[in-house]
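The following block contains the structure, expressed as structure tokens.
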Number of protein chains: 2
Amino acid sequence: MAREMLRQGGRSARIQEAVHRTVQELLKRVDRSEITVPMIAEKAGVTPSTIYRRWGDLSELLADVAVARMRPIADPEDTGAMASDLETFMVQYAEEMSSKVGRAMMSDVLASTEGEAAARCCQYTYHHLETLRERAAARGETPFDINEAVDLVVAPIVYHILFRDREPTPDYCRSLVGRFLGSRAEFSRLV
Amino acid sequence: MAREMLRQGGRSARIQEAVHRTVQELLKRVDRSEITVPMIAEKAGVTPSTIYRRWGDLSELLADVAVARMRPIADPEDTGAMASDLETFMVQYAEEMSSKVGRAMMSDVLASTEGEAAARCCQYTYHHLETLRERAAARGETPFDINEAVDLVVAPIVYHILFRDREPTPDYCRSLVGRFLGSRAEFSRLV
DNA sequence: CACCTTAACGCAATTTTTTAGCGTTAGGCG
DNA sequence: CGCCTAACGCTAAAAAATTGCGTTAAGGTG
């Protein structure tokens, strides 16, 4: 799973770059069950033993690549209000994760033995929600609770993607956000 | 994935039984990354080629075993009331799934390529919830909606188990059930 | 800047796993 | 009882994973 490298520059970095890029390209073309370490090694121009020594096995490499792909490159879009911010973000999240590559990424991340990859990609989601929460607070809106957002919105989406028992349509995602924010309103009305 | 066997009895069934049992025993002793097909074959007294032909590869076999283990053997406990029924069931569910073997089962199920295993083990949960729902209706209680129960209670538990961002303690599970039933009460109060 | 240390790599031999052909065994059915 | 063939065992060949050892090149030091 790409332990923290003692040497971060030069050849080592170039190889990581080449291998990651090769894996991503392969994931687009061939089915994941067809992908092998020697195949990746050849296309990336490295020796298989290098991959084995550095990542351990194929599943760890795939998990590493998946986490790298999930690393956020930008903050979620600012739509001007908390509700629409959450809706847009979650709809987009569901779209990305329910796609073929998204599903593959989640699968790879969860297959990683240590579970460290899962925790990290979970942090990415928390970070985005935190951004939205602070943005709402800065606007003067009463900010939402992040743990509750995960329980009421993120978790259902992820569950249905993983277990394939329901399609996470945009409408469904918006209804989740609606229920989430609605439950807060009703709660505050009752106390 | 153990395609529906054309021959269900006799030798074929004995081999499936032996292989399944061997896998379960191995999962208790050795780490999953150590388990190999030849290892299972030897302990089960069959040839590796039999396993490869029947299950495809190791991950499919593990998924098949996991689904078989998750197959319900009994209905959830009847505690006399819908709320306590749900609480007991979900607390027990969280305990089983967050254990080491439970996590391994979920991981194996989700790693299965076709996702057919995931859908099936998802059906088991739905079936149990359906039992609780009918039981509640028979008592005269207003039955809960199963999809909402999945979204509000099951999904968060599963999410936290998979991503290891939170421990699904009994108290936490009960609070999920409480919020779920509470949201229904508040909703009906507002209409 | 030249040198030293050693992490990380390439190569190749070995081991293990996976695949595939082919004959054999034993369910299930007429 | 006897036929048909799904499913198995065995074996050989192919592919993948592991390991030892020499080589390359980061990154630090005098």
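What's counted below: heavy atoms across the whole structure, side chains too, no hydrogens, waters or symmetry copies.
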Taking side-chain contact (heavy atoms from CB on, under 4.5 Å) as the test, write out the residues that go with B/Gln24, two or more places apart.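 Per chain and number, B/Gln24 pairs via side-chain contact (heavy atoms from CB on, under 4.5 Å) with B/Val65, B/Arg69.
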
Are B/Ser59 and B/Asp57 linked by a side-chain donor-acceptor pair shorter than 3.5 Å?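 There is such a pair between these side chains.
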
Tell me, please, which residues at least two apart from B/Glu77 pass side-chain contact (heavy atoms from CB on, under 4.5 Å).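 B/Glu77 satisfies side-chain contact (heavy atoms from CB on, under 4.5 Å) with B/Thr79, B/Thr88 only.
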
Within the pair A/Thr47 and C/dG10, is there a side-chain N or O less than 4.0 Å away from OP1 or OP2?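 For C/dG10, OP1 or OP2 has a side-chain N or O of A/Thr47 closer than 4.0 Å.
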
d(CD1, B/Ile15; P, C/dT25) in whole Å: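 B/Ile15 atom CD1 is separated from C/dT25 atom P by 14 Å.
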
Phosphate contact (C/dT25 OP1 or OP2) by B/Arg14 side-chain N/O below 4.0 Å: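 No, no such contact exists.
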
Does the protein touch nucleotides 19-24 of chain C at the base, only the backbone, or not at all? Give it as B, S and - per nucleotide, heavy atoms under 4.0 Å. BBBB--

Run the side-chain hydrogen bond (donor to acceptor under 3.5 Å, both in side chains) test against A/Tyr172 and tell me which residues pass, sequence neighbours left out.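 Once residues adjacent in sequence are excluded, the partners of A/Tyr172 under the side-chain hydrogen bond (donor to acceptor under 3.5 Å, both in side chains) criterion are A/His160, B/Asp151.
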
For B/Cys122, which residues count as a side-chain contact (heavy atoms from CB on, under 4.5 Å) partner, sequence neighbours excluded?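 A/Tyr159, A/Phe163, A/Asp165, B/Tyr126.
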
Spacing between A/Ile51 atom CD1 and D/dT19 atom P, to the nearest angstrom: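 Going from A/Ile51 (CD1) to D/dT19 (P), I get 17 Å.
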
Using every non-hydrogen atom in the two residues, find where A/Pro168 and A/Cys173 come nearest and quote the distance to one decimal.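 Nearest pair, atom of A/Pro168 first, then A/Cys173: O-SG, 3.9 Å.
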
Give the residues of residues 35-44 of chain A touching DNA chain D, defined as any heavy atom closer than 4.0 Å, sorted by residue number.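 Within residues 35-44 of chain A, the residues near DNA chain D are A/Thr36, A/Val37, A/Pro38.
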
Any pair counted as ring pair (Phe, Tyr, Trp, His ring centres under 6.0 Å), so long as it reaches residues 60-106 of chain B, sequence neighbours left out: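 Ring pair (Phe, Tyr, Trp, His ring centres under 6.0 Å) check on residues 60-106 of chain B returns B/Phe89-B/His128.
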
Under the ring pair (Phe, Tyr, Trp, His ring centres under 6.0 Å) rule, what pairs show up with a residue in residues 23-49 of chain B, not counting sequence neighbours?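 As it turns out, there is no ring pair (Phe, Tyr, Trp, His ring centres under 6.0 Å) pair with a partner in residues 23-49 of chain B once direct neighbours are skipped.
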
Figure out the CD/P separation between A/Glu60 and D/dT18, and round it to whole Å.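 Value for this atom pair: 12 Å.
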
Rounded to whole Å, how long is the line connecting atom CZ of B/Arg54 with atom P of D/dA6?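 The distance from CZ of B/Arg54 to P of D/dA6 comes to 15 Å, rounded to the nearest Å.
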
With sequence neighbours left out, what residues match A/Leu26 under side-chain contact (heavy atoms from CB on, under 4.5 Å)?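 In terms of side-chain contact (heavy atoms from CB on, under 4.5 Å), with neighbours along the sequence ignored, A/Leu26 is linked to A/Thr22, A/Val30, A/Ile35, A/Met39, A/Ile40, A/Lys43.
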
Rounded distance (Å) that lies between atom P of D/dT18 and atom CG of A/Leu58: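 In whole Å, D/dT18 P and A/Leu58 CG are 11 Å from each other.
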
Between atom CD in A/Glu34 and atom P in D/dA16, what is the gap in whole Å?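 Computing the A/Glu34:CD to D/dA16:P distance gives 11 Å.
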
